[in-house]
Amino acid sequence: MIRSNRVRALFALAVIAVSVYIAVTVPVRLGLDLRGGTQIVLETRSTPTTKADRAATDRTLEVLRGRVDALGVAEPTLVRSGAHRIIVELPGVQDPKQAADVLGRTAQLSFHPVLGAAGAGAPESAESGERVLPDESGQRLRLGASAMTGKDVKGADARFDQETGAGWHVTVDFDRTGRDRWAELTADAACRPVGDPTRRVAIVLDDRIISAPQVDPSVACGTGIAGGSTQITGSFSDAEARELALLINGGALPVPVETVEQHTVGPTLGARAITASAWAAVVGTALTALFIIVVYRLMGALAVVALLAYGLISYAALAALGATLTLPGLAGFVLAIGMAVDANVLVFERAREEHASRRRPSARSALTAGFRNAFSAIADSNITTLIAAGLLFLLASGPVRGFGVTLGIGVVASMISALVVTRVLADFAASRPWVRRRPRVTGLATAGRVREALVRRDPRLMRRPRRWLAASGVVLVLAASGIAVRGLEFGIEFTGGRLIAYETPHAVDPERARGALADAGLPHTVVQSAGDTGLTVRAGQLTDAQVDTVTRTIGTLGEDGANGAKNGDGAKTAKVRDELIGPSLGEELRRNALIALVVALGAQLLYLAARFRWLFGTAAVAALAHDVLILVGVFAWLGKPLDGVFLAALLTVIGYSVNDSVVVFDRIRELLRRDRKAPLSQITDRAIVQTLPRTVNTGMGAVLILASLAVLGGESLTDFALALLIGLAVGTYSSVFTAAPVAVALHGHRHGRRRTPRPPTRRAAPPRVAQRRG
């Protein structure tokens with residue numbers, strides 16, 4: 001035992017030391033909503049074979065999205081503006097020239113036969129379609145007409161050859177058409193002498209040869225490289241191989257693009273909103289810490305220290321992975337903070353049970369038993385969340401993928417903080433002599449008010465499970481009817497809308513403009529600074545009267561100046577652009593997010609079925625659907641927009657709902673092992689009574705954080721916090737009064753209605769007359 005504690009302590013110290021080093025030396029990148037970045041406006045151009053219409057621009061946007069993501073600019077915003085323009089906003093990139101370099105090489109990819117070396121005076125192009133371009137080493141090559149384009153490429157990947165030790169190479173896979181064309185191109189080149197320039201094939205991107213490999217001598221003349229796959233070898237470093245693979249992957253644009261405008265933009269959230277959000281997070285965390293300390297005393301204080309370690313580890317992991325932190329990404333941390341608190345509460349409540357039963361008389365032995373008994377519930381709840389986070393990262397893109405990254409990091413960090421850091425601190429404190437003499441100071445010597453009240457009343461909640469299901473059904477119908485009656489109001493990220501750009505005589509504070517537009521009846525607008533005196537306003541579908549209101553409001557602010565005093569210099573606010581824009585969460589992104597979510601739910605169902613039963617997995621998914629529909633329905637009744645922030649809150653609620661149900665089902669499984677003959681309804685009642693103190697204490701900790709965000713976080717976080725508060729309340733209710741009754745009702749349906757066995761009635765014995773002696 002002592003040795004294992006030392007190992008845990010050394011591991012915790014090592015993780016914290018590495019986290020401190022990374023946190024000090026590597027900054028975390030902030031997203032557009034928190035920091036701003038660079039905005040580039042691209043315009044698609046028609047070619048002799050392809051017209052740059054709206055459909056081609058949409059396809060180009062999706063290719064650009066993958067290109068920007070692959071080059072390391074995470075969480076970008078890309079929207080179509082009109083029929084031919086694409087607005088790209090890159091977070092954290094404050095140098096427009098750097099941003100232009102990122103996108104400037106993104107043009108059409110083509111493969112050319114090499115006709116030979118070019119002399120110094122050779123022209124750059126000829127009427128026959130020949131071109132002269134320098135290769136990677138600077139040698140000028142004569143290239144024939146394009147034999148293939150990026151449309152023929154299925155994908156490219158940088159790989160390291162571990163078997164032969166040949167180093168890094170790039171594997172390129174072609175589709176069915178590209179396979180035949182590549183075989184023809186390499187078959188002709190293989191007929192040339194080894195070492196001759198004509199034996200090479202040039203890969204051109206944006207009038208630049210990015211690679212001109214020579215066909216291997218083993219390839220026979222007239223045969224070429226068949227099979228639909230090829231390898232580009234050479235003296236590649238890791239970075240060079242990955243860069244070449246990224247260029248090949250991201251270069252296949254349907255039509256060429258041209259940069260027509262570029263400048264820096266401010267954050268979509270104002271400085272005051274960001275400051276208010278930071279203060280709300282600090283206040284909420286402090287209140288949660290105080291609540292944990294009041295309930296669990298010394299152990300609660302040590303848990304707070306472990307939560308600080310969780311924050312440090314999460315921050316360091318974000319920085320090390322180069323992730324971009326945005327407001328939707330913060331939702332993952334809200335859920336992970338709740339799970340970190342939940343893990344500590346689970347352990348402490350199990351330790352209280354052991355101490356109250358007198359099986360573990362000392363605080364240290366009770367803690368050891370608490371960690372052992374709570375491990376399965378902690379592991380199952382975290383693994384189900386990690387499954388969802390991993391699938392969201394692999395299958396989704398954009399902010400949904402960012403949510404998966406931050407959620408996964410938070411879950412791993414919460415497990416380290418709860419199972420390692422908290423245990424090391426708690427074991428050390430519980431073994432101190434002054435703590436052993438004062439067991440009440442640990443917070444484990446008392447059962448707690450909630451548990452005492454439940455034990456005293458001994459409720460039988462699952463005696464009639466269908467009544468709870470009926471109540472849940474009524475609530476579900478009332479909430480979901482809002483979708484049918486009022487409909488869903490999707491935000492600008494989903495529907496697109498209108499973008500209006502202004503050039504003002506004086507710089508206008510975006511926060512001030514946002515408030516003025518809200519006062520004018522347009523609360524859901526996105527206002528950003530653009531350059532020194534520019535301002536962009538994005539909103540949903542605006543009428544001409546609403547556009548006039550926006551113009552009038554911005555004009556008043558811009559002509560009044562920063563201090564609100566009339567300058568009288570005669571300068572006027574000019575509208576420089578007024579265009580319809582497409583959704584930033586495009587159709588492909590939404591489809592990928594939906595697929596990722598469905599696959600994640602299916603994977604969670606399979607895991608729960610393997611760990612528990614199909615019965616419990618089905619009940620957990622049913623409760624999850626119940627929570628999602630109620631949350632969406634309530635937002636429909638309130639007329640709140642369903643935007644990217646709501647999407648992050650919805651994903652958070654899904655994770656919390658599954659986590660809550662798993663804790664209850666884990667206790668049911670444990671009780672069933674002890675008493676296999678008892679009816680499931682009685683087992684479920686006992687499980688609910690035993691886990692309800694944990695549910696109340698965990699929920700209170702999360703409510704304090706979310707209430708602080710709702711009250712102090714400003715307008716930008718109000719809807720986010722409101723959605724999480726609704727989801728928290730519904731998720732807590734559904735784990736007890738939806739998931740559990742569904743499991744009991746399904747079990748009763750499968751096995752028939754079984755009456756609860758009762759002890760036999762004892763009949764009164766007839767009076768007997770004792771025989772007197774003597």
Side-chain angles (χ1 to χ4, degrees), residues 1-29 281 285 288-289 292-293 296 298-325 329-330 332-348 351 364 367-368 370-372 374-387 389-390 393 402-431 655 659 701:
M1 183 65 70
I2 295 177
R3 183 178 180 182
S4 61
N5 287 340
R6 288 178 179 174
V7 171
R8 278 192 289 266
L10 290 175
F11 176 75
L13 287 175
V15 171
I16 291 175
V18 172
S19 300
V20 169
Y21 174 78
I22 295 176
V24 171
T25 57
V26 182
V28 167
R29 295 188 296 181
T285 304
T288 301
I292 296 297
I293 293 173
Y296 297 108
L298 176 62
M299 294 301 144
L302 298 178
V304 170
V305 176
L307 286 178
L308 295 177
Y310 153 79
L312 174 64
I313 295 170
S314 301
Y315 180 89
L318 265 180
L321 293 177
T324 300
L325 189 60
L330 288 174
F333 281 116
V334 172
L335 174 59
I337 288 175
M339 296 187 70
V341 173
D342 184 41
N344 287 284
V345 170
L346 274 170
V347 171
F348 296 154
R364 188 174 186 183
L367 268 174
T368 302
F371 275 102
R372 183 177 62 251
F375 179 79
S376 61
I378 295 173
D380 286 332
S381 60
N382 281 275
I383 289 174
T384 53
T385 307
L386 278 177
I387 289 173
F393 173 77
F403 175 86
V405 173
T406 54
L407 177 58
I409 291 173
V411 169
V412 174
S414 70
M415 292 186 70
I416 294 175
S417 68
L419 299 180
V420 180
V421 179
T422 299
R423 183 159 190 176
V424 169
L425 297 175
D427 282 342
F428 178 80
S431 62
N659 176 60

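Residue Gly410 comes nearest to Ser314 through the heavy atom pair CA-OG, 4.2 Å, listed as atom of the first residue, atom of the second, then distance. Residues Ser414 and Tyr310 share a closest heavy-atom pair of N-CD1, 3.6 Å. Smallest separation of non-hydrogen atoms from Pro27 and Ala319: O-CB, 4.2 Å. When all heavy atoms of Ala389 and Gly408 are compared, the pair lying nearest together is CB-N, 3.8 Å.
Contact annotation: the side chain of Leu386 approaches that of Val412 to within less than 4.5 Å [non-hydrogen atoms, C-beta and beyond]. Looking at Ile292 and Asn344, their side chains never come closer than 4.5 Å, going by heavy atoms from C-beta outward.
Counting only distance, with no hydrogens or angles, the side chain of Thr384 and the backbone of Ser381 share a donor-acceptor pair below 3.5 Å.
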Start with the C-alpha gap between Val305 and Val421, add the side-chain angles, then the distance that decides, and say whether side-chain contact (heavy atoms from CB on, under 4.5 Å) holds.
CA-CA 9 Å; Val305 176; Val421 179; 5.5 Å; no
Run the side-chain contact (heavy atoms from CB on, under 4.5 Å) test on Arg423 and Leu302 for me, step by step, so that the C-alpha distance in whole Å, both residues' side-chain angles and the decisive distance to 0.1 Å come before the verdict.
CA-CA 9 Å; Arg423 183 159 190 176; Leu302 298 178; over 6 Å; no
Using side-chain contact (heavy atoms from CB on, under 4.5 Å), reason through Leu367 and Met299 one step at a time and then give a plain yes or no.
CA-CA 10 Å; Leu367 268 174; Met299 294 301 144; 3.8 Å; yes
Checking side-chain contact (heavy atoms from CB on, under 4.5 Å) for the pair Thr422/Val347: CA distance, chi angles, key distance, verdict?
CA-CA 10 Å; Thr422 299; Val347 171; over 6 Å; no
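Note that the CG atom of Leu346 and the CG atom of Asp342 stand 4.5 Å from one another [nearest 0.5 Å]. If you take CD1 on Ile378 and CG on Leu419, they are separated by 5.0 Å, rounding to the nearest 0.5 Å. To the nearest 0.5 angstrom, Ile409 atom CD1 is 4.5 Å from Leu318 atom CG. Rounded to the nearest 0.5 Å, atoms CD1 (Ile387) and CG (Asn382) are 11.0 Å apart. Distance CZ/Phe371 to CZ/Phe348: 6.0 Å, rounded to 0.5 Å. A distance of 5.0 Å separates OG of Ser19 from CD1 of Ile313, quoted to the nearest 0.5 Å.
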